[in-house]
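I have placed the structure first, in the form of structure tokens, so that the comments after it can refer back to it.
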Amino acid sequence: MPTTVAAYAARSATEPLAPITIDRRDVGPHDVRIDIKYAGICHSDIHTVRGEWGPVNYPLVPGHEIAGVVAEVGSAVTRFAVGDRVGVGCLVDSCGECDTCLRGEEQHCRRGAVQTYGAIGRDGQPTQGGYAESIVVTERFVCGIPDGLALDVAAPLLCAGITTYAPLRRWNAGPGKRVAVVGLGGLGHLAVKLAVAMGAEVTVLSQSLKKREEGLALGATGYHATSDPATFATLAGSFDLIVNTVSAAIDLDAYLSLLDVDGVLVTVGGPAEPMPVHAFSLTLQRRTIAGSLIGGLPQTQEMLDFCAEHGIGAEVEKINIQQINQAYERVLAADVRYRFVIDLAG
Ligand code: NAP
Ligand code: ZN
């Protein structure tokens, strides 16, 4: 018999989220049931429920930054036991057999990875996310949360953390690298912390100087307002890597001009609108434009371990589930410092 749990769901692109009950499947041999303690609010949740990324099967329970405690394990589970502190991110399944799965890049599964919500699971049922009391996930998609990382500040690492860690590693953020982070929100503030911990020299490019003191406190050594046209003249050619975390379309040509020869601009933000690029923004200084999508399970665990080692957690504002709709509005107004986390245990 499936277990009925309380959750919060969107019922259309325009209605506020509201209470619902959903069924979680029985714990199969390879499954883990997790009592969810905290779920982060990612801007992707908002893009998705508002239909900006395509059609949605409502009702939809968002939430893919899940931290909790194992409540039950299947008979074949080897990596987890009841009471373990664990996390689940954006994926809950994949084929496990293709070349990308075998090298631990399940986000690029050739047969299509199963997203934590808004997808059809391999059992044929719609997946529902973490704004809920509990979730059942196959153990391959569960990460251990190391001791020393509190569950509330760890939850956002499961999406925002890995999404920024992966490109920083891929493009070798480290000593001697000049890294700019565009947008100081949920992803952006973790990008700053992670790049600083990797040893890079980090600059924040934010719409205004409102969050300057906090950005510098996160370890950035430069902080500039992109609303000031002088910023683009002052910083021309001065970065090796730009990580764009902005949820809206930006003027890529303007940001590409900030890269030195051979510099890379990697976009992780997911605006609904296209972003045009002028060829000369790339050719003249042999620049590269790239994208990056969350990360695979091995790298997600590596990122969690890195965060524990370096004392990195998200800066969170804890809310209860009834405050979810106000929190969405504040995320849309870029008024979050720096991740809302829903306290589901309280
Ligand atoms: P967020 O907390 O809302 O942060 C986005 C930041 O972008 C804001 O804090 C703001 O920073 C800046 N911004 C917002 N609107 C802007 C505008 N119109 N012009 C310029 N800057 C603007 O969102 P998030 O949760 O970090 O997510 C950021 C984006 O990444 C979303 O599109 C999300 O869907 C996407 N995402 C992608 C992946 C992936 O795998 N690639 C994973 C997770 C999320 P300032 O106030 O500092 O300017
Ligand atoms: Zn996310």
Side-chain angles (χ1 to χ4, degrees), residues 39-50 52-54 62-66 87-91 105-108 113 115-118 129-131 155-168 170 180-194 203-216 218 220 223-228 231 243-252 254-255 266-273 275 290-296 299-300 303 314-317 327-341:
I41 298 178
C42 179
H43 206 118
S44 303
D45 300 344
I46 305 177
H47 289 302
T48 303
V49 302
R50 302 207 168 176
E52 293 171 21
W53 285 351
H64 59 205
E65 293 186 334
I66 297 167
V88 176
C90 300
L91 305 177
E105 299 202 306
E106 296 88 351
Q107 75 275 30
H108 301 304
Q115 308 226 344
T116 304
Y117 59 79
Y131 301 179
L157 301 175
L158 275 301
C159 172
I162 183 59
T163 299
T164 49
Y165 182 87
L168 290 168
R170 170 87 170 75
V181 174
V182 190
L184 195 65
L187 268 58
H189 91 288
L190 283 169
V192 172
K193 287 191 179 198
L194 291 165
T203 296
V204 176
L205 302 176
S206 181
Q207 294 169 94
S208 73
L209 296 179
K210 272 191 281 190
K211 297 180 263 191
R212 183 170 179 278
E213 293 314 310
E214 289 158 60
L216 296 177
L218 297 174
Y223 199 106
H224 300 266
T226 54
S227 54
D228 180 356
T231 291
V243 181
N244 168 31
T245 74
V246 175
S247 48
I250 60 168
D251 178 353
L252 284 181
Y255 287 88
V266 57
T267 283
V268 292
E273 315 76 35
M275 294 190 280
S292 191
L293 180 72
I294 48 174
Q299 196 176 38
T300 304
M303 176 275 309
E315 301 297 311
V316 300
E317 277 193 57
Y328 270 29
E329 292 310 318
R330 284 190 50 204
V331 173
L332 288 168
D335 175 30
V336 46
R337 285 178 171 66
Y338 281 85
R339 199 53 141 188
F340 285 112
V341 169

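Read the numbers this way: they start at 1 and go in the same order the structure lists the ligands and their atoms. These figures come from a predicted structure and were not determined experimentally.
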Please examine the side chains of [Y] and [X], heavy atoms only from C-beta on, and report whether any two atoms are closer than 4.5 Å.
X: L190; Y: R339; result: no
X: I41; Y: Y131; result: yes
X: S44; Y: W53; result: yes
X: D228; Y: H224; result: no
X: R212; Y: K210; result: no

Do R50 and E329 sit within salt-bridge range, that is, some charged N less than 4.0 Å from a carboxylate O?
-> yes
Partners meeting salt bridge (Lys or Arg N to Asp or Glu O under 4.0 Å) with R170 (sequence neighbours left out) |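 R170 satisfies salt bridge (Lys or Arg N to Asp or Glu O under 4.0 Å) with no other residue.
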D45-Y117 side chain donor-acceptor pair, cut-off 3.5 Å |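 Yes, Y117 and D45 have a side-chain donor paired with an acceptor closer than 3.5 Å.
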Near the Zn ion (ligand 2), protein N/O/S count under 2.8 Å comes to 3
Shell of residues surrounding ligand 1, defined by a 4.0 angstrom heavy-atom cut-off that is strict | C42, H43, S44, H47, W53, C159, T163, G183, L184, G185, G186, L187, S206, Q207, K211, T245, V246, S247, A248, V268, G269, G270, S292, L293, I294, V331, A334, R339
Which residues satisfy the side-chain contact (heavy atoms from CB on, under 4.5 Å) test with A290, sequence neighbours excluded?
-> W171, V264, V266
